Number of protein chains: 2
Amino acid sequence: MDIIKVFANNVKKYRTEIGLSQEAFAEKAGLHRTYISAIEREKRSIALDNVQKIADALEIETYLLFVEVK
Amino acid sequence: MDIIKVFANNVKKYRTEIGLSQEAFAEKAGLHRTYISAIEREKRSIALDNVQKIADALEIETYLLFVEVK
DNA sequence: GTGTGACTATAAGTCCGTG
DNA sequence: GCACGGACTTATAGTCACA
């Protein structure tokens, strides 16, 4: 399983769980709305610092983003 | 706690546990010796594709690299 | 066996927009 | 509210010679 795929799925999962749109979430994470979009579509391989920003914005532990949910 | 720090510590930890030098590990991961060095010294915020390469070379689950070991 | 500065190429990441 | 594109800036990828 590809880590980028797992990450993308988890971002989408946790983001919708807390009821945020891509735009609202991007703002909360201090990132760009088109960037979040690209991530969820697996168009980009993101760097660790932004992984942490995203985890913070989702209010979850960072490693949870890499645990495959089946 | 910074994720890059956790990641760096874990790479070093797991790498030494399987008894590989930076050089041997770099070759196994398909990366450059100095690149591994830079990662372990937290000089780079690496992207997800290389995170996976490293996890594969360490023969561990990817998420373990982000679990802080105290 | 590892740390480091310097370097070029490529990808990450921002920002404008449209359907 | 999201997918997608184009153009742009900055950081990472990847390598080297040398300490």
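Not measured: the values here are computed from a predicted model.
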### Summary
Sequence neighbours excluded, the answer for salt bridge (charged side-chain N to carboxylate O under 4.0 Å, His left out) partners of A:Arg15 is A:Glu40

## Note on the structure
B:His32 atom NE2 is separated from C:dA9 atom P, nearest whole Å, by 17 Å

### Message
Any non-hydrogen side-chain atom of B:Tyr14 less than 4.5 Å from a side-chain atom of B:Asn10?
### Response
yes

#### Entry: Minimum side-chain heavy-atom gap A:Phe25-A:Leu31 below 4.5 Å
no

Validation: residues 55-66 of chain B side-chain donor-acceptor distances under 3.5 Å, sequence neighbours left out:
{"residue": "B:Glu59", "atom": "OE2", "partner": "B:Lys28", "partner atom": "NZ", "Å": "2.7"}

### Query
Is there a donor-acceptor pair closer than 3.5 Å between any side-chain N or O of B:Thr16 and the backbone N or O of B:Lys12?
yes

### Message
Tell me which residues in residues 38-51 of chain B lie within less than 4.0 Å of DNA chain D, going by non-hydrogen atoms.
### Response
B:Arg44, B:Ser45, B:Ile46, B:Ala47, B:Asn50

### Query
By salt bridge (charged side-chain N to carboxylate O under 4.0 Å, His left out), which residues pair with B:Lys43, not counting sequence neighbours?
none

### Message
Give the residues of residues 15-29 of chain A touching DNA chain C, defined as any heavy atom closer than 4.0 Å, sorted by residue number.
### Response
none

### Summary
5'-most to 3'-most nt of DNA chain D touching chain B (<4.0 Å, heavy-atom partner on protein side) reads D:dT12 to D:dC18

### Query
Does A:Ser21 reach the main-chain N or O of A:Ala24 with its side chain, forming a donor-acceptor pair under 3.5 Å?
yes

### Query
Rounded to the nearest 0.5 Å, what separation is found between the NZ atom of B:Lys13 and the CD1 atom of B:Ile18?
11.5 Å

### Task
Show your reasoning for whether side chain to side chain donor-acceptor pair (under 3.5 Å) applies to A:Arg33 and A:Ser37.
CA-CA 6 Å; A:Arg33 112 191 128 70; A:Ser37 171; over 6 Å; no

### Query
Should B:Ser37 be listed as having a side-chain N or O under 4.0 Å from OP1 or OP2 of C:dT2?
no

### Step-by-step side-chain contact (heavy atoms from CB on, under 4.5 Å) determination, B:Ile39 to B:Ile54
CA-CA 11 Å; B:Ile39 289 171; B:Ile54 290 169; 3.7 Å; yes

